[in-house]
Amino acid sequence: MKNLDKYVEENKDRFIEELIDLLKIPSVSADPAYKKDVLNTAEAVKNALKEAGCDSVEICETPGYPIVFGEKIIDKDLPTVLVYGHYDVQPADPIELWDSPPFEPVIKNTKVHPEGAIFARGACDDKGQMYMHVKALEYMTKTGSLPCNVKFMIEGEEEVGSESLGWFIERNKEKLANDVILISDTGMIAKDTPSITTGLRGLSYVEVELTGPNRDLHSGLYGGAVANPINVLTKMIASLHDENNHITIPGFYDKVDELSDDERAKMAEAPFSIEKYKEALDIEDVYGEKGYSTNERNSIRPTLDVNGIWGGYIGEGAKTVIASKAFAKISMRLVPNQDWQEITELFKKHFESIAPKGTRVLVKPHHGGQAYVTPIDTVEYQAASNAYKESFGKEPIPQRSGGSIPIVALFEKQLKSKTILMGFGLDSDAIHSPNEHFGIWNYLKGIKTIPLFYKHFTEMTKK
């Protein structure tokens with residue numbers, strides 16, 4: 001793979017243009033209005049895998065959006081890498097906060113990315129990172145340097161809970177058989193500090209609906225005499241944390257995996273500036289559970305956050321009304337040993353119990369997934385570590401992430417293989433937010449690093 005850097009440099013303009021074309025398609029899986037665009041994106045991914053060198057590629061129907069499956073088998077006696085990614089993206093709302101249209105990609109220079117970054121919804125999560133693997137395959141097939149077998153499973157429902165993925169895996173275990181699963185849907189500490197994600201938090205996502213009177217009421221005639229669902233809901237939500245930002249749901253922490261002092265000290269060795277962190281977010285101070293550092297709060301501790309809240313009149317001008325209903329969407333990030341279904345039930349039971357008389361509460365579970373931790377003494381991890389070391393010139397730092405990829409635990413359970421998380425995004429890339437972007441340097445660096453994983457993994461596991 002001596003010509004790897006040369007190949008990427010010679011083709012970088014085309015690699016960037018191809019990604020930009022993919023980012024132009026608004027594949028928002030959460031909104032049925034974009035159904036055709038989501039399907040068009042699946043077709044685009046299929047064509048890209050064909051052109052990159054897969055011997056066979058198919059669009060596999062599911063109860064929801066299709067899964068694109070491709071493979072190149074060069075020798076059944078060689079190990080097989082299964083690449084997972086997703087082609088769907090988050091909604092772009094609020095559109096008015098974008099500096100440029102979310103589906104009209106533009107390249108801008110930034111302080112973090114002086115060589116340029118592509119601004120568009122899905123640039124980093126996950127089209128840009130998924131497409132690194134497609135281009136890495138292209139390099140290996142075009143130069144005859146693919147050292148093992150490879151399969152691709154690219155889905156279109158990750159941003160809405162991957163509801164059809166379990167259905168697909170259950171019916172295609174033989175097709176998906178592999179020796180390791182490779183995912184780039186995470187990040188690294190910094191451009192000069194490579195890291196490998198070794199842990200993901202689980203997730204429980206719910207929607208709550210609180211009902212008071214049987215209709216909207218005049219706030220003058222009825223105010224103070226009946227429960228206002230918006231007032232009540234905000235009080236109920238506020239009560240879910242105590243003065244130390246500890247979650248108050250009974251039983252919530254019963255199975256939380258507590259790290260030892262040595263493990264916490266090891267985590268603290270990762271480079272981190274609290275001042276730069278606050279500056280990047282334009283906040284005066286950090287906030288969170290008492291007794292834990294910022295990096296611990298967003299990775300090894302469970303959380304509960306309101307993701308949206310609404311009710312009543314929010315249009316122009318004034319309307320003096322007590323709304324009949326109020327709503328909120330709530331996500332809970334979980335740590336190892338916390339079962340997401342059990343936590344969902346604990347939340348439901350508690351939230352229903354604190355609703356005052358005169359109101360009715362309905363808790364609607366959406367989706368969830370288990371936490372995942374991968375050991376760092378495995379062949380898979382060492383192969384990834386060697387790839388980063390060769391590409392970056394320094395050993396990567398193992399790091400637990402605060403994000404969730406619920407299907408990772410599912411993969412291990414159903415396919416009996418470990419997952420390696422080789423992310424190249426940065427915290428500042430604004431995934432799920434307005435002005436999402438992905439650095440061109442990071443994109444190309446990913447393409448240069450991924451083939452090295454194949455090389456080292458094959459050398460270390462060759463039969």
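If you're wondering where the values come from, they're calculated on a predicted model, not measured in any experiment.
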Original post:
Do Asp88 and His86 have side-chain N/O donor and acceptor atoms under 3.5 Å apart?
Top reply: yes
**OP:** Please tell me if the side chains of Gln90 and Glu436 come closer than 4.5 Å, counting only heavy atoms from C-beta onward.
**Re:** no
Subject >> Exam field: side chain Asp339 to backbone Glu342, donor-acceptor pair closer than 3.5 Å >> reply: yes
Original post:
Are Leu176 and Ile169 side-chain neighbours, meaning at least one heavy-atom pair lies under 4.5 Å?
Top reply: yes
Subject >> Qualifying residue, where the test is side-chain contact (heavy atoms from CB on, under 4.5 Å) with Tyr381 and the options are Val180, Asn386, Ile196 >> reply: Ile196
**OP:** In sequence, state the C-alpha distance, the side-chain angles, and the governing distance for Phe347 and Ser204, and then conclude on side chain to side chain contact (heavy atoms under 4.5 Å, CB included).
**Re:** CA-CA 10 Å; Phe347 175 90; Ser204 168; 6.0 Å; no
Subject >> Nearest heavy atoms of Trp98 and Ala92, plus distance in Å >> reply: NE1-O, 2.8 Å
**OP:** Using modelled atom types only, decide if a donor and an acceptor are shared between the side chain of Asn244 and the backbone of His246 within a distance under 3.5 Å.
**Re:** no
Original post:
Do Met153 and Leu82 have side-chain heavy atoms sitting under 4.5 Å apart?
Top reply: yes
**OP:** Please find out if less than 6.0 Å separates the ring center of Tyr277 from that of Phe272.
**Re:** yes
**OP:** Show your reasoning for whether side chain to side chain contact (heavy atoms under 4.5 Å, CB included) applies to Lys72 and Asn149.
**Re:** CA-CA 6 Å; Lys72 187 169 185 65; Asn149 307 311; over 6 Å; no
Original post:
If only atom types and distance count, is the side chain of Tyr253 paired as donor or acceptor with the main-chain N or O of Pro302 below 3.5 Å?
Top reply: no
Original post:
Just how far is it from atom CD1 of Ile330 to atom NE2 of His366, taken to the nearest 0.5 Å?
Top reply: 11.0 Å
Original post:
Quick one: are Phe252 and Leu334 in side-chain contact, heavy atoms under 4.5 Å?
Top reply: yes
**OP:** Please tell me if the side chains of Leu203 and Met332 come closer than 4.5 Å, counting only heavy atoms from C-beta onward.
**Re:** no
Subject >> Min side-chain heavy-atom separation Val286-Arg297 under 4.5 Å >> reply: yes
Original post:
Salt-bridged, Lys191 to Glu115, with N to O below 4.0 Å?
Top reply: yes
Original post:
What is the ring orientation for Phe103 with Tyr34, classed by angle as parallel under 30°, tilted 30 to 60°, or perpendicular over 60°?
Top reply: tilted
**OP:** Looking only at non-hydrogen atoms, find the nearest pair between Phe15 and Tyr443 and report the distance.
**Re:** O-OH, 2.9 Å
**OP:** Report the residue from Asp93, Leu97, Ile95 that forms a side-chain contact (heavy atoms from CB on, under 4.5 Å) with Pro102.
**Re:** Ile95
Original post:
Can you tell me if CD on Glu174 sees more than 12 non-hydrogen neighbours from other groups inside 6.0 Å?
Top reply: no
Subject >> Donor-acceptor pair, side chain of Ser391 and main chain of Ala387, under 3.5 angstrom >> reply: no
Original post:
Quick check: are there more than 12 heavy atoms from other residues, nucleotides or ligands sitting under 6.0 Å from NZ of Lys50?
Top reply: no
**OP:** Kindly indicate whether the side chain of Val83, heavy atoms from C-beta on, has any atom under 4.5 Å from the side chain of Ile450.
**Re:** no
Original post:
Can you tell me how far the CG atom of Leu421 sits from the CD atom of Glu380, to the nearest 0.5 Å?
Top reply: 12.0 Å
Subject >> Nearest atoms (heavy-atom pairs only) where Pro194 meets Tyr388 >> reply: CB-CD2, 3.7 Å
**OP:** Decide yes or no on side chain to side chain contact (heavy atoms under 4.5 Å, CB included) for Asp125 and Val89, but give the supporting numbers first.
**Re:** CA-CA 7 Å; Asp125 182 21; Val89 301; over 6 Å; no
Original post:
Atom OG of Ser385 and atom CD of Glu390: how far apart are they, to the nearest 0.5 Å?
Top reply: 11.5 Å
Original post:
Between the side chain of Asp37 and the main-chain N/O of Val28, is any donor-acceptor distance below 3.5 Å?
Top reply: no
Original post:
Counting heavy atoms not belonging to Asn435, are there more than 12 under 6.0 Å from its CG?
Top reply: yes
**OP:** Any chance you could measure Leu146, atom CG, to Ile73, atom CD1, to the nearest 0.5 Å?
**Re:** 9.5 Å
**OP:** Starting from the C-alpha separation in whole Å, work towards a yes-or-no answer on side chain to side chain contact (heavy atoms under 4.5 Å, CB included) for Phe152 and Val45.
**Re:** CA-CA 10 Å; Phe152 284 81; Val45 172; over 6 Å; no
Subject >> Donor-acceptor contact below 3.5 Å, side chain Asp179 vs main chain Thr80 >> reply: yes
Subject >> Atom pair CG (Leu4) and CD1 (Ile447), whose distance is rounded to the nearest 0.5 Å >> reply: 9.5 Å
Original post:
Does a side-chain N-to-carboxylate-O contact under 4.0 Å join Lys448 and Glu9?
Top reply: yes
**OP:** Look only at the side chain of Glu155 and the backbone of Ser162, and say whether a donor-acceptor pair between them is shorter than 3.5 Å.
**Re:** no
Original post:
So does Lys36 have more than 12 non-hydrogen atoms from other groups sitting under 6.0 Å from NZ?
Top reply: no
**OP:** Please lay out, stage by stage, how Glu279 and Lys276 fare under the test salt bridge (charged side-chain N to carboxylate O under 4.0 Å, His left out).
**Re:** CA-CA 5 Å; Glu279 180 185 353; Lys276 288 183 179 179; over 6 Å; no
Subject >> N/O donor-acceptor pair under 3.5 Å between Asp429 side chain and Ile431 backbone >> reply: no
Original post:
If you measure from the Lys or Arg side-chain nitrogens to the Asp or Glu carboxylate oxygens, is any gap between Lys266 and Glu263 under 4.0 Å?
Top reply: no
Original post:
When rounded to the nearest 0.5 angstrom, what distance separates CG in Asn295 from OG in Ser293?
Top reply: 5.5 Å
**OP:** Please step through salt bridge (charged side-chain N to carboxylate O under 4.0 Å, His left out) for the pair Glu284 and Lys278, ending with a clear verdict.
**Re:** CA-CA 7 Å; Glu284 188 175 340; Lys278 292 188 290 187; over 6 Å; no
Original post:
Under 3.5 Å, is there a donor-acceptor pair between the side chain of Glu104 and the main chain of Ala120?
Top reply: no
Can you give me every donor-acceptor pair (side chain of residues 127-141, partner residue at least two apart or in another chain, under 3.5 Å) with its distance?
residue	atom	partner	partner atom	Å
Lys127	NZ	Leu22	O	3.1
Lys127	NZ	Ile25	O	2.8
Lys127	NZ	Ser27	OG	3.0
Gln129	OE1	Phe424	N	2.8
Gln129	NE2	Thr186	O	2.8
Tyr131	OH	Glu18	OE1	2.7
His133	NE2	Ser184	OG	2.7
Lys135	NZ	Glu18	OE1	2.7
Lys135	NZ	Glu138	OE1	2.6
Glu138	OE1	Arg14	NH1	3.2
Glu138	OE2	Tyr7	OH	2.6
Glu138	OE2	Arg14	NH2	2.6
Tyr139	OH	Asn3	OD1	2.9
Thr141	OG1	Ala52	O	2.6
Thr141	OG1	Leu137	O	3.1
Thr141	OG1	Glu138	O	3.1

Original post:
Is the backbone N or O of Ser428 less than 3.5 Å from a side-chain atom of His437, with the two atoms forming a donor-acceptor pair by type?
Top reply: yes
Subject >> Lys108, NZ: over 12 other non-hydrogen atoms inside 6.0 angstrom >> reply: yes
Original post:
Does a side-chain N-to-carboxylate-O contact under 4.0 Å join Glu296 and Arg301?
Top reply: no
**OP:** Kindly indicate whether the side chain of Pro79, heavy atoms from C-beta on, has any atom under 4.5 Å from the side chain of Phe457.
**Re:** yes
